[in-house]
Visitor: 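Quick one: the structure is below, questions incoming.
Please read these numbers as outputs of a predicted model, since none were measured by experiment.
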Amino acid sequence: MGVEVGVIGSPAAASTPLLYPRPKTSVSLSIEFPSISCGLKWRKQSGRVKALEQPGGKMVVELVGAFNDLTERMSVLSTSSSRLLFKTLKLSLPLLHSLPLLPGGRDPLSRALSLALFLAHLQMDAEAICAAILRQVIEGGMISMNEVRERIGMGTAHLLHETMRLNNISSKVEALDDESAFALRKFCLTYYDVRAIILDLVLKLDMMRHLDHLPRYKQQMVSVEVMMIYAPLAHAVGITSLSMELEDLSFRYMFPYSYLYVDTWLRSHETGSKPLLDMYEDQLRNSLTSDQCLTEMVQHVSVEGRFKSRYSTMKKLLRDGRKPEQVNDILGLRVIITPSSGVNSSEIGEKACYRACDIIRSLWKEIPSRFKDYITRPKFNGYKSLHMAVDISDNGRNMPLMEIQIRTAEMDMLAAGGTASHALYKGGLTDPEEAKRLKAIMMAAAELAALRLRDLPSSTQKGVDDNRDRVFHLLDKNGDGKISVEELMEVMEELGAEGEDAREMMLLLDSNSDGLLSSDEFDLFQKQVKLIRNLEYRDGQYKIELDEIEGLLQLEDKSSSGTTQPTLG
C-alpha cells in the first residue's frame with residue numbers, strides 16, 4: 001500500500017480553531033472560574049435561571065444558544081440563511097432529543113451541532129450547515145427526505161441526498177488498493193456536489209475522533225479507508241487542516257506505537273504550558289510590528305505558525321531514513337504583509353518582504369544555503385515568496401531548524417489559488433486542465449448556493465447588525481419590535497414543549513412587567529444563555545482532555561513495560 005500526500009501541520013497544532021477540537025496530547029489544565037462579582041450577579045438573577053429549568057425554557061435556551069453559536073462563526077449571513085437555519089433548528093432539536101445515545105455513549109444532539117459548527121467555521125453556506133444537523137435526524141429515522149424537502153427546502157434536501165449517496169462509497173470497489181482509491185477520489189470530485197463532499201469529510205473526521213468504542217481491527221479498517229480516500233479528498237477540496245487531522249488520526253489507529261514515538265518527540269519541543277512555536281511566533285510578530293522602517297511601508301503584518309504533522313514526520317523518517325533530529329522543517333512560520341495602498345503597492349510590498357527578512361536575520365542565525373528568493377526569480381507558475389531557515393538553538397539545547405516564508409497578501413492569495421489546483425491534481429485528477437475545469441465547477445456551485453440564499457427585502461429586519469438582534473427578530477413574528485407571550489408559546493410548542501411554560505418564562509424575563517419582551521430584555525436573556533453554554537463547554541473540554549491524557553498514559557505504560565517496543569510502522 002502506498003499513500004503519498006505531502007502536507008504539513010497537526011491536529012494538535014492546527015491553525016483552524018474548532019468548537020470541539022481534538023485535544024492536544026500535551027495538556028496543561030488551567031481552570032478558570034467566574035469571578036466573585038460575577039457569581040454574586042448570578043445569584044441575584046437566580047429567579048431568572050429557574051425559568052430556564054422548565055422544559056419549554058430549556059428548549060428555548062438550546063434553540064437560541066445553538067443559533068448564536070453557529071451564526072457567530074459565519075462571516076456572511078443573509079436574512080434567508082438565518083430563517084433557514086432557525087427553521088432547521090426548531091424542527092431538529094426535539095427530534096434529536098428523542099433519539100437514543102449513539103455507540104460509545106454520545107448524545108445525537110451534541111454530534112449534530114458539532115458537525116454544524118465545524119462547517120460554520122469552514123464558512124460553508126446555511127444549506128450545508130442545515131444538512132449536517134438533519135443528517136443525524138435522517139439517520140435516526142425521525143424524518144423522511146420528502147419531509148425535509150417540504151418543511152425545509154429543496155436545496156437542503158438535495159444536499160442531504162448527495163451526502164447519503166456518498167455514504168460507504170468504498171463498497172463500490174472489490175478491493176481497496178492505490179488504483180481503486182485513486183478512481184474513487186476522481187469519481188467523487190467529478191460527479192458530486194463539492195459541498196456534499198465536504199460534509200462527508202466532516203462526518204468522517206467526527207467518526208475518526210470517536211473510534212475508541214470499536215474493536216481494534218475495525219479501527220484499523222476504517223483508518224486505512226480514511227487514509228487512502230478521504231484524507232486526499234480533503235486536500236483536493238482545499239481544506240488542508242482537515243486533511244492533516246484525518247491523516248494523523250488514521251496513523252494513530254493504524255500504528256499506535258509509531259504514533260507515540262513521533263508524538264513524544266514532537267512534544268519534546270514544548271516548554272511548560274506554551275509550545276516553543278508560539279513563543280517564536282510572538283517574538284517575530286513583536287519585532288516586525290515595532291520596526292519603524294517596516295511599519296511605514298505596510299498596513300498590517302501577520303505571523304502564522306505551523307507544526308509538522310505526525311504522519312508527515314513519519315513519512316520523512318521512513319522515506320529518507322533520517323533520524324528525528326535530522327528532520328529540519330518541524331517548525332515553521334509564515335509572514336504575510338499587507339503593503340500600504342497606493343500606485344506602487346506591489347513594489348512597496350516586495351521591499352517590505354526584504355525588510356522583514358533582514359529583521360529575521362537580526363533575531364536568529366540564518367542558514368544561507370536554505371535561502372530561496374522566489375520574488376526576484378518566481379517559479380514557473382508565478383509563485384512568489386521568500387523562503388529561509390534559521391537556527392533557534394540556544395543555551396546549549398539543540399533544536400531543529402525553523403523554516404520561515406515571507407510574502408505579501410497578494411502573493412499569498414495567488415499561492416493559495418495555485419495550491420488549490422495542485423490539490424485537485426493530488427486528489428485524483430492527473431490532467432491539469434481537468435483540475436482547472438473542476439475548480440471552476442466548484443466555484444460555480446458555491447456561488448449558486450450564495451445566490452439562492454441572498455438577502456431579501458424585509459421591513460422587520462432593517463439594521464440587523466448583531467446575531468442577537470437576528471434571533472430576536474426571528475422570534476418577533478409580527479415585526480412589532482416586541483416578543484409576546486403568544487409568540488413565545490408558539491416557538492415552545494414548535495420545539496415540542498408545553499406552551500404554558502412561556503407564561504412563567506415571560507414573568508421572570510419581563511423586567512418592566514409590561515407583558516412583552518423588548519430587545520434589551522431579550523439581550524439580557526441571551527447573555528445568560530451564553531454564560532451557561534460556556535460553562536458547559538469548558539466542563540466538556542476538560543473531560544475530553546483528561547480522557548486523552550489517560551489514554552496516552554496507558555499506551556506509554558504498555559510501551560515502557562517492555563511488552564511491546566515502539567517501532568516505526
Side-chain angles (χ1 to χ4, degrees), residues 19 45-72 82-102 106-117 120 126 129-130 132-138 140 142-143 147-148 151-152 467-468 470-477 482-510 516-517 521-537 539-540:
L19 186 68
Q45 298 173 346
S46 60
R48 297 185 177 189
V49 176
K50 288 180 181 177
L52 311 184
E53 296 174 355
Q54 301 297 325
K58 287 181 180 178
M59 294 301 291
V60 172
V61 166
E62 286 189 351
L63 173 65
V64 171
F67 180 86
N68 287 339
D69 283 347
L70 290 167
T71 53
E72 283 172 5
S82 299
R83 290 172 177 166
L84 178 64
L85 183 57
F86 200 68
K87 182 167 57 174
T88 299
L89 287 169
K90 283 195 296 182
L91 171 65
S92 302
L93 288 177
L95 298 177
L96 288 166
H97 269 295
S98 64
L99 288 173
L101 294 179
L102 299 169
R106 294 185 67 201
D107 176 33
L109 175 60
S110 175
R111 178 177 184 260
L113 292 180
S114 69
L115 294 172
L117 286 160
I129 293 168
C130 291
I133 298 170
L134 289 163
R135 173 68 184 257
Q136 188 68 53
V137 182
I138 289 276
M142 301 300 293
I143 194 171
E147 288 177 289
V148 173
R151 301 179 65 177
I152 302 300
N467 289 323
R468 290 189 294 272
R470 287 184 182 277
V471 74
F472 175 80
H473 287 292
L474 287 163
L475 289 170
D476 175 22
K477 294 189 176 183
K482 300 277 188 177
I483 298 175
S484 67
V485 69
E486 289 77 18
E487 287 169 327
L488 204 52
M489 277 184 177
E490 185 177 346
V491 75
M492 284 187 180
E493 289 170 354
E494 288 174 330
L495 290 167
E498 291 290 335
E500 286 302 313
D501 290 348
R503 298 191 186 280
E504 183 176 354
M505 189 172 183
M506 177 65 76
L507 286 172
L508 292 167
L509 299 183
D510 178 19
L516 298 166
L517 291 183
E521 288 168 334
F522 192 75
D523 187 52
L524 178 59
F525 163 66
Q526 292 194 86
K527 289 176 181 176
Q528 294 173 340
V529 171
K530 189 175 184 66
L531 177 58
I532 292 170
R533 292 175 70 84
N534 282 344
L535 290 172
E536 291 174 348
Y537 167 66
D539 187 57

Visitor: Can you pull the salt bridge (Lys or Arg N to Asp or Glu O under 4.0 Å) pairs that have at least one residue in residues 107-117, sequence neighbours excluded?
Guide: Arg111-Glu139, Arg111-Asp206
Visitor: Do you know which two heavy atoms are closest between Leu99 and Pro108, and how far apart they sit?
Guide: CB-CG, 3.8 Å
Visitor: State, to 0.1 Å, how close Ala120 and Leu70 come at their nearest heavy-atom pair, and which atoms those are.
Guide: CB-O, 3.8 Å
Visitor: Sort out for me which residue in Glu490, Glu486, Glu487 forms a salt bridge (Lys or Arg N to Asp or Glu O under 4.0 Å) with Lys477.
Guide: Glu490
Visitor: Nearest 0.5 Å, please: how far is CG in Leu91 from CE in Met142?
Guide: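 So the CE of Met142 and the CG of Leu91 are separated by 10.0 Å.
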Visitor: I want to check something: taking the side chain as every heavy atom from C-beta on, are Lys530 and Asn68 in contact at a cut-off of under 4.5 Å?
Guide: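 When only atoms from C-beta onward are counted, Asn68 and Lys530 do not touch, as no gap falls below 4.5 Å.
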Visitor: Dump the intermediate steps for side chain to side chain contact (heavy atoms under 4.5 Å, CB included) on Phe86 and Arg470, then the final yes or no.
Guide: CA-CA 10 Å; Phe86 200 68; Arg470 287 184 182 277; over 6 Å; no
Visitor: Can you name the closest pair of heavy atoms from Pro94 and Leu89 and give their distance?
Guide: CD-O, 4.4 Å
Visitor: Side-chain contact test, heavy atoms from C-beta onward, threshold under 4.5 Å: evaluate it for Val148 versus Ile138 and give yes or no.
Guide: yes
Visitor: Determine the interplanar angle of the Phe522 and Phe472 rings, folded into 0 to 90°, and report it as parallel if under 30°, tilted if 30 to 60°, perpendicular if over 60°.
Guide: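 Judged by the thresholds at 30° and 60°, the geometry between Phe522 and Phe472 is tilted.
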Visitor: To the nearest 0.5 angstrom, please state how far the CG atom of Leu475 sits from the NZ atom of Lys90.
Guide: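 Taking CG in Leu475 and NZ in Lys90, the distance rounds to 7.5 Å.
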Visitor: Which residue in the set Thr88, Leu93, Ile143 passes side chain to side chain contact (heavy atoms under 4.5 Å, CB included) when paired with Val137?
Guide: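 Of Thr88, Leu93, Ile143, side chain to side chain contact (heavy atoms under 4.5 Å, CB included) with Val137 is met by Ile143 alone.
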Visitor: Using side-chain heavy atoms (C-beta onward) and a distance below 4.5 Å, is Glu62 in contact with Leu109?
Guide: yes
Visitor: Could you pull out the closest heavy-atom pair between Ile129 and Ala116, with the gap in Å?
Guide: CG2-CB, 3.8 Å
Visitor: Evaluate side chain to side chain contact (heavy atoms under 4.5 Å, CB included) for Asp501 paired with Met59, printing each intermediate quantity in order.
Guide: CA-CA 11 Å; Asp501 290 348; Met59 294 301 291; over 6 Å; no
Visitor: Apply side chain to side chain contact (heavy atoms under 4.5 Å, CB included) to residues His97 and Lys58 and explain how you reach the verdict.
Guide: CA-CA 12 Å; His97 269 295; Lys58 287 181 180 178; over 6 Å; no
Visitor: To the nearest 0.5 Å, how far apart are CG in Leu474 and CD1 in Ile483?
Guide: 9.5 Å
Visitor: Let me confirm one number: the CZ-CE distance from Arg503 to Met492, rounded to the nearest 0.5 Å.
Guide: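 Reported to 0.5 Å precision, the distance equals 11.0 Å.
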Visitor: Looking at every non-hydrogen atom in both residues, tell me the closest pair between Arg106 and Ser114 and how far apart they are.
Guide: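 Scanning both residues, the minimum pair turns out to be NH2-OG, 4.0 Å.
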Visitor: Does the pair Val60 and Leu63 meet the rule for a side chain to side chain contact (heavy atoms under 4.5 Å, CB included), with working shown?
Guide: CA-CA 5 Å; Val60 172; Leu63 173 65; 5.5 Å; no
Visitor: Looking at every heavy atom in both Ala112 and Ile133, which two are closest together, and how far apart are they?
Guide: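 Answer, listing the atom of Ala112 first, then Ile133: CB-O, 4.0 Å.
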Visitor: Would you compute the distance between atom OG of Ser92 and atom CD1 of Ile152 and round it to the nearest 0.5 angstrom?
Guide: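 These two atoms lie 6.5 Å from each other.
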Visitor: About how many Å separate CD of Glu498 and CD of Glu493, when rounded to the nearest 0.5 Å?
Guide: 8.0 Å
Visitor: Could you tell me which residues satisfy salt bridge (Lys or Arg N to Asp or Glu O under 4.0 Å) with Lys87, sequence neighbours excluded, listed by chain and number?
Guide: none
